[in-house]
Amino acid sequence: MKGNLVITIGRQCGSGGKKIGEMLAEQLGIKCYDKELLNLAAKHSGLCEELFETYDEKPTSSFLYSLVMDTYSVGYASPSYLDMPINHKIFLAQFDSIKKLAEEESCVIVGRCADYALADYPNTATVFICGDDNVKIEYLKDLYKIDAAKAKEIMVKTDKKRASYYNYYSSKKWGDAKSYDLCINSSKLGFEGSVEIIKQFALAKQAYAKKS
C-alpha cells in the first residue's frame, strides 16, 4: 500500500455520511469514492455499469462468501467465475476494486463493505456514522424536498437494505461498535465536528501503525 491511508465510512441513512466523507477527503487532499466505485468496478471487470447500479448494496438470497473468495484467488477467467450468478460477480468486482484503490492511493470509501474488504490493511481506519432519528429525518426532508413521513420511510428502508447487505457479505454486524474502529453520532457533532474527529483518529491510527 506504500503507506496509503484509507478511511472507510459506513453510515445510517440521513446521518450525512457521504457529505462527511467528501468534506473529510477534501481536507486531507484525497479522493472520496461512493458511486464512483461502481464505475471503477465496471471498468475493471468489463461488466456493464448499469448492473452495478441495479445491485448496489443489495443482498442476495444464496450467497456463499467462501465461493467468492475462492474465485477471487483464481481470477475472472476461471470456470467458477464464469458460472457465477451476476450478483456474485458484482460483489466480487467491487471487492477487487476496493483493494486496488487501497494499493494505489490514499482515499475515503463510503459503504460497500469496504472495511471488510480491507480488514488486513493496517493503514485503514474504519468508521460508522449514526445519528438521531429526528435529525436524520430533517436532513432527508431538506435533501430530497419531501415530507417527514416519506423521509422516515426512505430512512428505514435504506438502513434495512444496507444492514442486510453488510451482514450478508461480511462476517460482522452493520452498525455494531465491534465492527468498526470508530463510531460517531453526527447529530451530536455536526458535519464539521465529525470530520475533525475522524481525521484526527485516522491520522493517529496511521502514526501508531508506523511505530508498531
Side-chain angles (χ1 to χ4, degrees), residues 1-41 43-44 56-57 65 68-69 72-73 91-131 162-163 165-167 169-212:
M1 290 182 66
K2 302 178 182 178
N4 292 335
L5 173 63
V6 181
I7 302 171
T8 69
I9 297 181
R11 73 288 186 216
Q12 289 182 339
C13 181
S15 67
K18 178 181 179 181
K19 182 63 177 178
I20 290 169
E22 291 171 344
M23 292 169 62
L24 176 64
E26 183 176 1
Q27 285 198 21
L28 292 171
I30 59 181
K31 292 182 180 179
C32 178
Y33 292 92
D34 182 19
K35 293 292 186 181
E36 298 84 357
L37 186 62
L38 305 183
N39 178 260
L40 288 175
K43 288 182 178 179
H44 290 157
D56 188 28
E57 292 192 299
Y65 183 76
V68 171
M69 290 303 95
Y72 180 76
S73 66
F91 175 79
L92 179 61
Q94 289 188 155
F95 194 95
D96 197 26
S97 294
I98 289 168
K99 285 184 170 291
K100 280 184 169 65
L101 275 177
E103 293 287 352
E104 295 170 358
E105 62 182 275
S106 294
C107 59
V108 176
I109 303 176
V110 179
R112 296 165 188 86
C113 292
D115 59 307
Y116 193 58
L118 302 177
D120 297 329
Y121 287 58
N123 288 328
T124 298
T126 64
V127 180
F128 187 82
I129 302 175
C130 65
R162 288 174 179 171
Y165 178 86
Y166 186 91
N167 296 344
Y169 285 111
S170 81
S171 61
K172 302 187 292 182
K173 185 176 180 181
W174 185 82
D176 189 322
K178 292 182 292 185
S179 299
Y180 311 90
D181 296 329
L182 176 69
C183 296
I184 62 173
N185 185 331
S186 61
S187 300
K188 309 301 184 186
L189 296 169
F191 288 4
E192 291 184 0
S194 299
V195 168
E196 186 62 24
I197 292 294
I198 297 170
K199 181 175 68 174
Q200 294 302 325
F201 176 84
L203 294 175
K205 183 183 178 184
Q206 185 183 42
Y208 183 76
K210 289 179 181 180
K211 295 178 182 179
S212 302

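Computed from a predicted structure; not experimentally measured.
- With contacts defined as side-chain heavy-atom distances shorter than 4.5 Å, the pair Leu24/Cys32 does not qualify.
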Listed pairs under 3.5 Å, donor-acceptor, residues 179-187 side chains, sequence neighbours left out:
| residue | atom | partner | partner atom | Å |
| --- | --- | --- | --- | --- |
| Ser179 | OG | Lys173 | N | 3.3 |
| Ser179 | OG | Lys173 | O | 2.8 |
| Tyr180 | OH | Gly175 | N | 3.1 |
| Asp181 | OD2 | Thr126 | N | 2.9 |
| Asp181 | OD2 | Thr126 | OG1 | 3.2 |
| Asp181 | OD2 | Lys205 | NZ | 2.6 |
| Asn185 | OD1 | Ser187 | N | 2.8 |
| Asn185 | OD1 | Ser187 | OG | 3.4 |
| Asn185 | ND2 | Asp132 | OD1 | 3.1 |
| Ser186 | OG | Ser15 | O | 2.7 |
| Ser186 | OG | Cys130 | O | 3.3 |
| Ser187 | OG | Asp132 | N | 2.8 |

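- Screening residues 192-212 for ring-ring contact (aromatic ring centres under 6.0 Å, His included), with sequence neighbours left out, gives no hits.
- The side-chain heavy atoms of Leu5 and Leu203, taken from C-beta on, include a pair separated by under 4.5 Å.
- Remark: Gln27 engages Lys199 in a side chain to side chain donor-acceptor pair (under 3.5 Å) (not counting sequence neighbours).
- Minimum heavy-atom separation, Gly16 to Phe191: CA-CZ, 3.6 Å.
- Residues Phe128 and Gln12 approach most closely at CZ-CG, 3.8 Å, considering heavy atoms.
- Legend: salt bridge (Lys or Arg N to Asp or Glu O under 4.0 Å) pairs involving residues 15-31, not counting sequence neighbours, sorted by first then second residue: Lys18-Asp34.
- Using modelled atom types, one finds a donor on one side chain and an acceptor on the other under 3.5 Å when comparing Tyr33 with Glu105.
- Under the 3.5 Å distance criterion, the side-chain polar atoms of Gln206 are matched with a main-chain donor or acceptor of Gly3.
- The two residues Asn4 and Glu104 come nearest to each other via the heavy atoms ND2-C, 3.5 Å.
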Between Val6 and Ile109, is the side chain to side chain contact (heavy atoms under 4.5 Å, CB included) condition met? List the steps. CA-CA 7 Å; Val6 181; Ile109 303 176; 4.1 Å; yes
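- Using a 4.5 Å cut-off on side-chain heavy atoms (C-beta onward), Cys113 and Tyr165 make contact.
- For Asp176 and Tyr166, the side-chain atoms include no donor-acceptor pair closer than 3.5 Å.
- Residues forming a side-chain contact (heavy atoms from CB on, under 4.5 Å) with Ala204 (at least two apart in sequence, or on another chain): none.
- In this structure, CG on Leu101 lies 10.0 Å from CG on Asp96, to the nearest 0.5 angstrom.
- In this structure, Ser106 and Ile30 approach most closely via the heavy-atom pair O-CB, 3.5 Å.
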Is there a side chain to side chain contact (heavy atoms under 4.5 Å, CB included) between Ile198 and Ile129 once you walk through the steps? CA-CA 10 Å; Ile198 297 170; Ile129 302 175; 4.1 Å; yes
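- Taking every heavy atom of both residues into account, Met23 and Glu192 meet most closely at CE-CG, 3.8 Å.
- In this structure, the side chains of Thr8 and Ile98 stay at 4.5 Å or more apart for every pair of heavy atoms.
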